[in-house]
There are 2 protein chains.
Amino acid sequence: MTKTLSSAVEDYLKTIYNLREESHGTEGRGEGGITTQAVAARLGVAAPSATAMIKKLAGLKLARHTPYRGVELSAKGEKVALEVIRHHRLSEAFLTKVLGVEWDKAHEEAEKWEHVLSEEVEARMAALLGDPTHDPHGSPIPTLDGQVARDSGRPLAEIEAGTRVVVRRVSDEDAPLLRHLQKVGLVPGAEVEVLRAVPAEGVIQLRIGKQRHIVGLAPAAAVIVEKSEVMSDE
Amino acid sequence: MTKTLSSAVEDYLKTIYNLREESHGTEGRGEGGITTQAVAARLGVAAPSATAMIKKLAGLKLARHTPYRGVELSAKGEKVALEVIRHHRLSEAFLTKVLGVEWDKAHEEAEKWEHVLSEEVEARMAALLGDPTHDPHGSPIPTLDGQVARDSGRPLAEIEAGTRVVVRRVSDEDAPLLRHLQKVGLVPGAEVEVLRAVPAEGVIQLRIGKQRHIVGLAPAAAVIVEKSEVMSDE
DNA sequence: CTTGTTAATTAGACTTATCTAAGTTGGGGA
DNA sequence: TCCCCAACTTAGATAAGTCTAATTAACAAG
């Protein structure tokens, strides 16, 4: 019944899930769901490859496909996607916390680990880490039964000047970007004040901790923050 | 230059290397090297699949192939094989020591891990484990520069009655066998006395530690032991 | 309501690794 | 020496996943 799925299938499911999450601020979605080209671009494959795989996923009842309209995961597909994402994020946490791998390298390593973790090893990793709820980049780790903490927050790039915020999570896709963010201190938990936005230059001025930094809008869009008026429980 | 090799290629190289090691007590070797069918059998593939891959390895200069005569690794092929085996045995050690995975399950997990470990993660695992020289089954872990401690020893099945030996290593291929060996205490380091061989019944009587056991010749062939007259340095 | 552009799909080919079925080859036994 | 058989290789097919080139669909702009 639980036939083993190929890594390729797992990668597509994960990608479609992630794109759906991200696109709640619209982009890359038709009404049917996620765009073929968005999937292809994220995975670095040609569009026809994505079409072919999407049709395969539909055949496996892991997704629904409306030709020319987009793709959407079925409940079954979402379940598999969440398992893969759990493996990925647990691996990232394990790689950084236990093995001391750098932040920016953990993602690509986890990209490989996520496909080879048995349920048993996954459970042991989780236990060893104390059942973490978030990975090192601040993304929530789905639970065994598929629950995902849905964090609120907005991209740092959209915050009005004069606001004080705290960093919740950063995108883990881009290693050079990640190194930059780490260097300036834009890591989960950091306290930040938006001093001034300079749209003409495409940059914003920030106070990060006690330091002042100027960062571009692109990196700032990859940083999800939350207002820090109320001293929250963290 | 260092083009990435497929898992399949890595598996064949590892298998040819392992068969060569084991066949120093002859079997499965033609003079040219390792037999096609030995490779096919070990990997669980049909003979033509092995032929095809062996020809591919020869084309990649990873092995020499004399048709109808057998295959032998080149220096380059052996180097790759040793890297894969290092990954495999480090993973076994890591899985049992750090994650607490059972002896008999570690092998199949490592079978997957060996193909996804980056050099960096490998190094960190090795450091965390204190640069172990042997895996949990007693097999030597090749060093980074390709040195392998060549342990002496003979199969327990061939030891004369009345001899006292110490277990050096056991084959890691077969999980049920491994569980059996663990149950009776035939693990690396165990002290054993061969009490009597009963060839007619295909069994031998042993004293393992303070317990007496009767084990079959098949399991006994998978256990490599060394005479323990001289109290060695371990 | 036609048209043009962009996205999506189909068509057809290639790669890797596998299989079964059908030849070959090498070496031992009569 | 000849023959036979097991082992090996060749031939041809299949399955996954990818690609480029060509076609088709959606839809916004005239």
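Reminder, nothing fancy here: chain letters follow the sequence lines and each chain counts from 1.
- Residue A:Ala8 is in sugar-phosphate contact alone, with no base atom involved, counting any heavy-atom pair closer than 4.0 Å across all strands shown.
- Across all strands, B:Thr51 comes closer than 4.0 Å to base atoms (heavy-atom distances).
- When rounded to the nearest whole Å, the span between OH of B:Tyr12 and P of C:dA17 equals 9 Å.
- In this structure, A:Leu5 atom CG and D:dG17 atom P are separated by 10 Å, rounded to whole Å.
- No hydrogens or angles considered: nothing links the side chains of A:His137 and A:His107 as a donor-acceptor pair under 3.5 Å.
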Notebook entry, point to check: What do the steps show when you test A:His87 against A:Glu83 for side-chain hydrogen bond (donor to acceptor under 3.5 Å, both in side chains), and what is the final call?
Noted result: CA-CA 6 Å; A:His87 285 182; A:Glu83 285 169 14; over 6 Å; no

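- The phosphate of D:dA16 (OP1 or OP2) has no side-chain N or O of A:Ser6 nearer than 4.0 angstrom.
- Between A:Val9 and B:Ala52, the residue anchored closer to the 5' end of DNA chain D is B:Ala52, taking for each the nucleotide with the nearest heavy atom.
- Remark: side-chain polar atoms of A:Arg42 are not paired, donor with acceptor, to backbone N or O of A:Leu19 under 3.5 angstrom.
- The phosphate of C:dG23 (OP1 or OP2) has no side-chain N or O of B:Tyr68 nearer than 4.0 angstrom.
- Within the 4.5 Å cutoff, the side chain of A:Val223 has heavy atoms near those of the A:Val225 side chain.
- Mapping A:Gly44 and A:Pro67 onto DNA chain D by nearest heavy atom places A:Gly44 at the nucleotide closer to the 5' end.
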